[in-house]
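Here's the structure, in C-alpha cells; my notes come after.
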Amino acid sequence: MADAVSAPPGVNQNQSSAARVYDYLLGGKDNYEIDRQVAREIARVMPDVEETARVNRHLLTRICRFLAYHAGIRQYIDCGSGMPTSENVHQIVQRGDPTAKVVYVDYDPVVASHGRALLDENEFTEYIQADFFDPPSILDHPTVQRHLDWDEPIAVLFLLALHHQTGDREVPAKVTKEFIDRLPSGSYVAISHLLDPHDGSEDDETVQGIIDSIHNGSMKDVSSRSRAEIKELFHDLELIPSGPNKPAEIVPVVEWWPDGPLLGEPTVAQRIVAIGVAKKP
C-alpha cells in the first residue's frame, strides 16, 4: 500500500493499526510506514516478533480445522480479523463445506474496504467494519443478522484481539459475555491472548517490554492476562481439551493440538500467547 496523501476516508496515517502491523509481520503489503515503525519498535524488544504472528496464523488453521471437520460448525464470526491473507478462515472451513458462512469483522476502514473487495465474489463470506468492543455493532448488524442463521451453532474467534484494550480491564469479559449470551446452543468461542507470566522470567520481561513499546508508540495499548484471567473470559463455558489425554485448560498456543510432536523447547514467541477454545452447552 503506497503511503500516499490519498488515504481512504477515516484513515489517519499517523495512527498505526493492529491489523496492518500484523499484515506487515506476515509479509503483506497492505500497511503504512507508521505500521512498519511499530513493528520495528516491537522487534527491538522481541526480535522474533514475526514468529509470533506466524505462530498465531498456524493456530488459526488448527482451530478452524477442528471446528469445521470435527465440531461440524458451518458459521463463523472472526472478530478483529485483519487482512484476509492466505489461509484465512473462509479458505480453511470452505474446503470442508463450500457453503460454510464466514463474517470477518475489523474496525479499520482500510482493512474492511480491502477485505470486501477481495471477497466480493464469495457469496458465503462477508466483511464488515465494526468494533468488537461494541458487541451490538456486530451482533445487530444487518449483514450479520441476514448472513447467519441464529438458530444454528456459530463459532466466534477472538484471536490476538481482546488484548488490544485500554482502560477498564473488565471490558473484554463484558464483551465476551454479551457474545456468549447471544450465541445459540452448540456454538464455540476461541480466544488467544497475550499471556502474563508474572514470575520475573525472561517471558515476563519480554511481555512487559512489548506492552511498554506499544504504549509509547502510535498503536492502541495492549494488555496481558494470566491463564486464570483468560479463562474468566469464557464465563464458565466448557473448555476443549488441548490435546490427546490433555486437560481442558488455557495453554500456550504451541501446545493446543499441535500438528506433530514438539521436537524442541518452545521459543519465547510460542510461550507468550495463550489459547482456549470452549463450547456453549
Side-chain angles (χ1 to χ4, degrees), residues 1 7-8 10-13 15-40 42-43 49-64 67 76-94 102-120 122 125-135 137-138 141 143-144 155-165 172 175 179 189-194 210 214 217-223 253 269 273 275:
M1 181 183 298
V11 176
N12 179 0
Q13 291 189 59
Q15 176 72 48
S16 60
S17 155
R20 298 195 308 264
V21 171
Y22 190 52
D23 173 72
Y24 172 69
L25 292 173
L26 287 171
K29 298 179 180 179
D30 296 296
N31 48 76
Y32 293 114
E33 175 56 28
I34 191 66
D35 306 307
R36 300 187 284 273
Q37 180 181 331
V38 168
R40 290 192 292 268
I42 297 174
V49 63
E50 291 183 5
E51 184 187 355
T52 301
R54 290 193 297 270
V55 165
N56 192 69
R57 179 59 50 171
H58 297 157
L59 172 70
L60 178 141
T61 300
R62 300 198 305 276
I63 289 173
C64 288
L67 292 171
Y76 301 80
I77 303 176
D78 187 2
C79 294
S81 59
M83 295 289 182
T85 54
S86 180
E87 281 305 282
N88 217 317
V89 175
H90 72 284
Q91 293 169 313
I92 302 165
V93 303
Q94 289 175 358
V102 179
V103 176
Y104 291 111
V105 181
D106 205 282
Y107 75 93
D108 187 320
V110 172
V111 173
S113 176
H114 189 63
R116 282 193 291 267
L118 286 176
L119 301 172
D120 184 55
N122 189 318
T125 304
E126 298 285 351
Y127 214 119
I128 67 169
Q129 181 185 345
D131 185 355
F132 57 77
F133 284 114
D134 176 19
S137 73
I138 299 171
H141 194 288
T143 297
V144 177
V156 179
L157 312 178
F158 293 101
L159 301 183
L160 289 187
L162 291 168
H163 60 210
H164 290 289
Q165 173 260 340
V175 167
F179 272 90
V189 176
I191 300 171
S192 68
H193 197 290
L194 188 63
I210 292 172
I214 292 176
S218 65
M219 192 167 70
K220 289 183 178 180
D221 279 355
V222 66
S223 60
V253 293
V273 177
I275 175 67

Inset, instruction - Quick one: pull up NE2 in His90 and CG in Asp78 and give me the separation to the nearest 0.5 Å. - result: 11.0 Å
Legend entry - From Arg62 atom CZ to Arg57 atom CZ, the distance as rounded to the nearest 0.5 Å: 13.0 Å
Legend entry - Partner set under side chain to side chain contact (heavy atoms under 4.5 Å, CB included) for Ala130, not counting sequence neighbours: Val105, Ile128, Ser137, Ile138
Inset, instruction - Taking atom types as modelled, find out whether Asn88 and Ser81 have a side-chain donor-acceptor pair closer than 3.5 angstrom. - result: no
Inset, instruction - Enter the distance from Leu159:CG to Ile63:CD1 here, rounded to the nearest 0.5 Å. - result: 5.0 Å
Legend entry - Partners meeting side chain to side chain donor-acceptor pair (under 3.5 Å) with Asn122 (sequence neighbours left out): Gln94, Thr125
Legend entry - Atom of Phe179, atom of Phe132 and distance for their closest heavy-atom approach: CE1-O, 4.0 Å
Legend entry - Approximate separation, where rounding is to 0.5 Å, of Asp131 CG and Asp106 CG: 9.5 Å
Legend entry - Shortest non-hydrogen separation from Tyr104 to Val89 and the atoms involved: OH-N, 3.2 Å
Legend entry - Name of the residue among Ile77, Val102, Leu67 meeting side chain to side chain contact (heavy atoms under 4.5 Å, CB included) with Leu157: Leu67
Legend entry - Separation between OG of Ser192 and CG of Leu59, rounded to the nearest 0.5 Å: 6.0 Å
Inset, instruction - Quick one: pull up CD in Gln129 and OH in Tyr107 and give me the separation to the nearest 0.5 Å. - result: 10.5 Å
Inset, instruction - Check ring pair (Phe, Tyr, Trp, His ring centres under 6.0 Å) between Phe133 and all other residues, then give those that pass, not counting sequence neighbours. - result: none
Inset, instruction - State which residue, out of Val103, Val93, Ile92, fulfils the side chain to side chain contact (heavy atoms under 4.5 Å, CB included) condition with Tyr76. - result: Val93
Legend entry - Val55: side chain to side chain contact (heavy atoms under 4.5 Å, CB included) partners, not counting sequence neighbours: Glu51, Val253, Gln270
Legend entry - Residues that His163 engages under side chain to side chain donor-acceptor pair (under 3.5 Å), provided they are two or more places apart: none
